[in-house]
Amino acid sequence: MGTTLAEKLWASHLVRKGEDGAPDLIYIDLHMCHEVTSPQAFEGLRLAGRPVRRPDLTIATEDHNTPTLDIDLPIADTTSRTQIDTLRANAKEFGVRIHSLGDADQGVVHVVGPQLGLTMPGMTVVCGDSHTSTHGAFGALAFGIGTSEVEHVLATQTLPLKPFKTMAINVDGELPEGTSAKDIILAVIAKIGTGGGQGYVLEYRGDAIRNLSMEARMTICNMSIEAGARAGLIAPDQTTFDYVEGRPHAPEGADWDDAVEYWKTLVTDEDAVFDAEVNLAAADLEPFVTWGTNPGQGLPLSAAVPNPDEIADADQREAAVNALKYMGLEPGTPLREIRIDTVFLGSCTNGRIEDLRAAAEIIQGRTKADGLRMLVVPGSARVRLQAEAEGIDQIFKDFGAEWRNAGCSMCLGMNPDQLAPQERSASTSNRNFEGRQGKGGRTHLVSPLVAAATAVRGTLSSPADLEGADVLVGAPA
Amino acid sequence: MEKFTTHTGIGVPLRRSNVDTDQIIPAVYLKRVTKTGFDDALFAAWRGDESFILNQPAYSAGSVLVAGPDFGTGSSREHAVWALKDYGFKVVIASRFADIFRGNSGKQGLLAAVVSQENIELLWKLIETEPGKQITVSLEDRTVTCGELTVPFEIDDYVRWRLMEGLDDIGLTLQNEEDITAFEQTRASWRPKTLPAKTEPKVEIEAARPVS
Ligand code: SF4
């Protein structure tokens, strides 16, 4: 019997097989750090007198706490400033490479790794952050870890782990116009639930996935964690190789040929068996939005806010009742009629250049809805520079959107970019939990295309709802 | 982690059950960036009360906490263990511990010893009638001794072995350092390294300003 891609990645990183129920020891190829989950880990090393085993496989950047305005001034919030200063001091003391605010390679850690060419097929990638699953889009085994594990990786470059189970998510057929990767993953989560992936590595397969760009694949893998999965995976192919080639850390010359030859072997064997399988027809998809307070509470945009009374499962019914109360929504309201105060375009889910391009294409020449605020936060400083070189920033500014510096920003509201109580957002980020974007804030998760159309109309909308939308944008994001 | 074989220190009676992690260390202390210096945070809400046991001079230098059942329930914060250790506790004795707390203790070298409630009552009596009385905990013999009284305690074999060897998870992994080094030698040379750093050309970043 053949093996799955996840199993191949596991086997190729096995330092030592666990005996008598002990965990396996797995080698880690790339460890990324940020300011929030690393301080106690470095402190632990210091207390034990241990060095970082492989500073050359470690990289740090500042993202969660950083302001997106006035980045040349000292950070006003003292807790945030302390965390950033601590990261800088730790990086210096332990010899870890860091990209700080004001550096072209600063940004959300999951945008920075791929753009530098540090994320490649066949690797193991970890970070003290659950959305590390993003890097699985390259055919790498990538997952989030806790602070004790961060310390463990810093000290040993390995982790003791029990093998994950495998699940295939087959998305066949062609995506309809106006839909994108975000709609695929929101539909997957709505189908299997926020706990459906627990303990699994999800491997996304099928034509609809193969036809996606690298950045769109990252969007999908990014949100695997919202289905409870340990990691997401997509087998590498020519699209992957083309994306990696020529990036700063990509192999060159003969090394490149060796690498590609190896990467081509990173597929699930035809006769391999997954522990579970889920099928989805891409052709049936529509733009998807969430109405509730977890990413599994989503529906096609053409639907209405659900009536909890019609939900059979008691737990889900109660969750829906609570969600609607928090979200301030009435059952039966068409989703298209929900009025939005703030549109947030950014995050490690949808803050890459293709996302900005797709949204800009829709708003260009149109006017922003009255009273609506739109925040555009590139995923990294490099993405911002690229957009500025293409003139995309001007399109957003002319439209009346706020053009910001890179970081996590309103994805989690740890910096000043927050929703006010009861303020309602359409957000391209990944979590619509209560209070995630600011205390009392109400979040609807959407794709960049829906975010842009919503900014024009002021209610949740898809590009097809816009006047003169007969020619629809190609939707790579 | 230091090797733990036996420890002798002042016993502190904490006659409360269900001491949860919020009581051990309130959430406001979790914003810190350090792993030490939590001694002031330990039982912060109770420390303001003069009659609280750790405010009594005879007990303030205690290192063996004798608590009521279900110690350490609530959130998974490792800070609870850090705070106890920082204050100077080496051992917590109770008839029942919350699982996560017990797991965290083992990782951090704090001995969580399970003693029957009957014997806890006897220990309480001894250290209350004679404040400052010492307790000896032998991990080797799995016993708690206070004056004439010696009672047994329970602990997971694997955790006991790790504590006696002074091995935390990292220490354990590093026992296999040869395997790690051998593995590293098999890695293809084209696998990416973060150092020396490579990036695209440096660019000046202009700070965005508030949009008026
Ligand atoms: S952008 Fe959001 S999800 Fe991504 S790393 Fe930052 S806070 Fe986490």
- Closest-packed option against chain B by number of heavy-atom pairs under 4.5 Å, given A:Ile59, A:Asp70, A:Ile71: A:Asp70

- For A:Thr156, is it the side chain, the backbone, both or neither that has a heavy atom under 4.5 Å from a heavy atom of chain B? both

- Message: Can you tell me which portion of A:Pro55 sits under 4.5 Å from chain B's heavy atoms? Options are side chain, backbone, both or neither.
- Response: both

- Pick from B:Ile180, B:Asp169, B:Thr186, B:Val203 with the largest number of heavy-atom pairs that fall under 4.5 Å of chain A: B:Ile180

- Taking A:Gln157, A:Arg382, A:Met123 one by one, which has the highest count of heavy-atom pairs under 4.5 Å against chain B? A:Arg382

- Message: Between B:Asp179 and chain A, with a heavy-atom cut-off of 4.5 Å, which part of the residue counts as in contact: side chain, backbone, both or neither?
- Response: both

- Considering only heavy atoms, which portion of A:Leu385 lies under 4.5 Å from any heavy atom of chain B: side chain, backbone, both, or neither? side chain

- Task: Applying side-chain hydrogen bond (donor to acceptor under 3.5 Å, both in side chains), run through B:Thr8 and B:Thr136 and close with a yes or a no.
- Result: CA-CA 4 Å; B:Thr8 303; B:Thr136 296; 2.9 Å; yes

- Query: Between B:Val114 and B:Arg102, is a side-chain contact (heavy atoms from CB on, under 4.5 Å) present by the stated rule, with each step listed?
  - Reply: CA-CA 10 Å; B:Val114 178; B:Arg102 194 170 43 189; 4.1 Å; yes

- Item | Side chain / backbone / both / neither for A:Leu159 at chain B, heavy atoms under 4.5 Å | neither

- Task: Side chain from CB out, backbone as N, CA, C, O: work out which of these in A:Leu101 comes under 4.5 Å of a heavy atom of chain B, or both, or neither.
- Result: neither

- Query: Which answer fits A:Asp72, side chain, backbone, both or neither, if we ask what part of it has an atom under 4.5 Å from a heavy atom of chain B?
  - Reply: both

- Note on the structure: Bottom line for A:Leu116: the part with an atom under 4.5 Å from chain B's heavy atoms is side chain

- Message: side-chain hydrogen bond (donor to acceptor under 3.5 Å, both in side chains), that's the test. Do A:Thr61 and A:His34 meet it? Break it down for me.
- Response: CA-CA 5 Å; A:Thr61 183; A:His34 62 81; over 6 Å; no

- Message: In terms of relative ring orientation, are A:Tyr262 and B:Trp190 parallel, tilted or perpendicular, with 30° and 60° separating the classes?
- Response: tilted

- Message: Between A:Ser12 and chain B, with a heavy-atom cut-off of 4.5 Å, which part of the residue counts as in contact: side chain, backbone, both or neither?
- Response: backbone

- Query: Are B:Phe38 and B:Tyr29 close enough that their ring centres sit under 6.0 Å apart?
  - Reply: no

- Message: Looking only at the side chains, is there a donor atom on one of A:Asn415 and A:His64 sitting less than 3.5 Å from an acceptor on the other?
- Response: no

- Could you have a look at A:Asp103, A:Thr82, A:Val36, A:Leu73 and say which one has the most heavy-atom pairs with chain B under 4.5 angstrom? A:Asp103

- Highest number of heavy-atom pairs under 4.5 Å with chain B among A:Arg247, A:Glu151, A:Gln83 belongs to A:Glu151

- Query: So which bits of residues 88-99 of chain A come within less than 4.5 Å of chain B, counting non-hydrogen atoms only?
  - Reply: A:Gly95, A:Arg97, A:His99

- Message: Using heavy-atom distances under 4.5 Å, tell me whether A:Thr58 contacts chain B through its side chain, its backbone, both, or neither.
- Response: backbone

- Message: B:Phe153 and side-chain contact (heavy atoms from CB on, under 4.5 Å): which single residue from B:Val91, B:Leu111, B:Asp141, B:Ile93 fits?
- Response: B:Leu111

- Query: Looking at A:Glu252, A:Lys397, A:Met120, A:Arg50, which makes the most heavy-atom pairs under 4.5 Å with chain B?
  - Reply: A:Arg50

- Task: Examine distances only and state if a side-chain atom of B:Tyr87 and a backbone atom of B:Ser60 form a donor-acceptor pair shorter than 3.5 Å.
- Result: yes

- Among side-chain atoms of B:Trp46 and B:Asn55, is any donor-acceptor pair under 3.5 angstrom? no

- Query: Less than 4.5 Å apart, any side-chain heavy atom of B:Lys193 and any of A:Leu57?
  - Reply: yes

- Item | Sub-4.5 Å side-chain heavy-atom contact between A:Ile75 and A:Asn65 | no

- Heavy-atom pairs under 4.5 Å with chain A are the metric here; pick the option from B:Glu204, B:Glu184, B:Glu206, B:Arg32 that has the most. B:Glu184

- By a 4.5 Å heavy-atom criterion (distance strictly below it), what part of A:Ala155 contacts chain B: side chain, backbone, both, or neither? both

- Note on the structure: Applying a strict 4.5 Å limit to non-hydrogen atoms, the region of A:Arg46 in contact with chain B is neither

- Task: Determine whether A:Gln40 and B:His79 make a side-chain contact, defined as any pair of heavy atoms from C-beta on separated by less than 4.5 Å.
- Result: yes

- Message: Is A:Thr147 close to chain B through its backbone or its side chain, or both, or neither, when contacts mean heavy atoms under 4.5 Å?
- Response: neither

- Start with the C-alpha gap between A:Asp24 and A:Leu161, add the side-chain angles, then the distance that decides, and say whether side-chain contact (heavy atoms from CB on, under 4.5 Å) holds. CA-CA 5 Å; A:Asp24 291 348; A:Leu161 290 170; 5.7 Å; no

- Query: Are side-chain N/O atoms of A:Glu62 and A:Gln106 paired as donor and acceptor at under 3.5 Å?
  - Reply: no

- Message: Heavy-atom cut-off 4.5 Å, strictly under: side chain, backbone, both or neither for B:Ala197 against chain A?
- Response: both

- Neighbour count above 12 (heavy atom, 6.0 Å) for B:Lys3 NZ: no

- Task: Find the one option among B:Thr34, B:Leu172, B:Leu174, B:Thr36 whose heavy-atom pairs under 4.5 Å with chain A are most numerous.
- Result: B:Thr34

- Message: Would you call the rings of B:Phe52 and B:Phe43 parallel, tilted or perpendicular, taking 30° and 60° as the class edges?
- Response: perpendicular

- Message: Which label fits B:Phe101 and B:Phe97: parallel for a plane angle under 30°, tilted from 30 to 60°, or perpendicular past 60°?
- Response: parallel

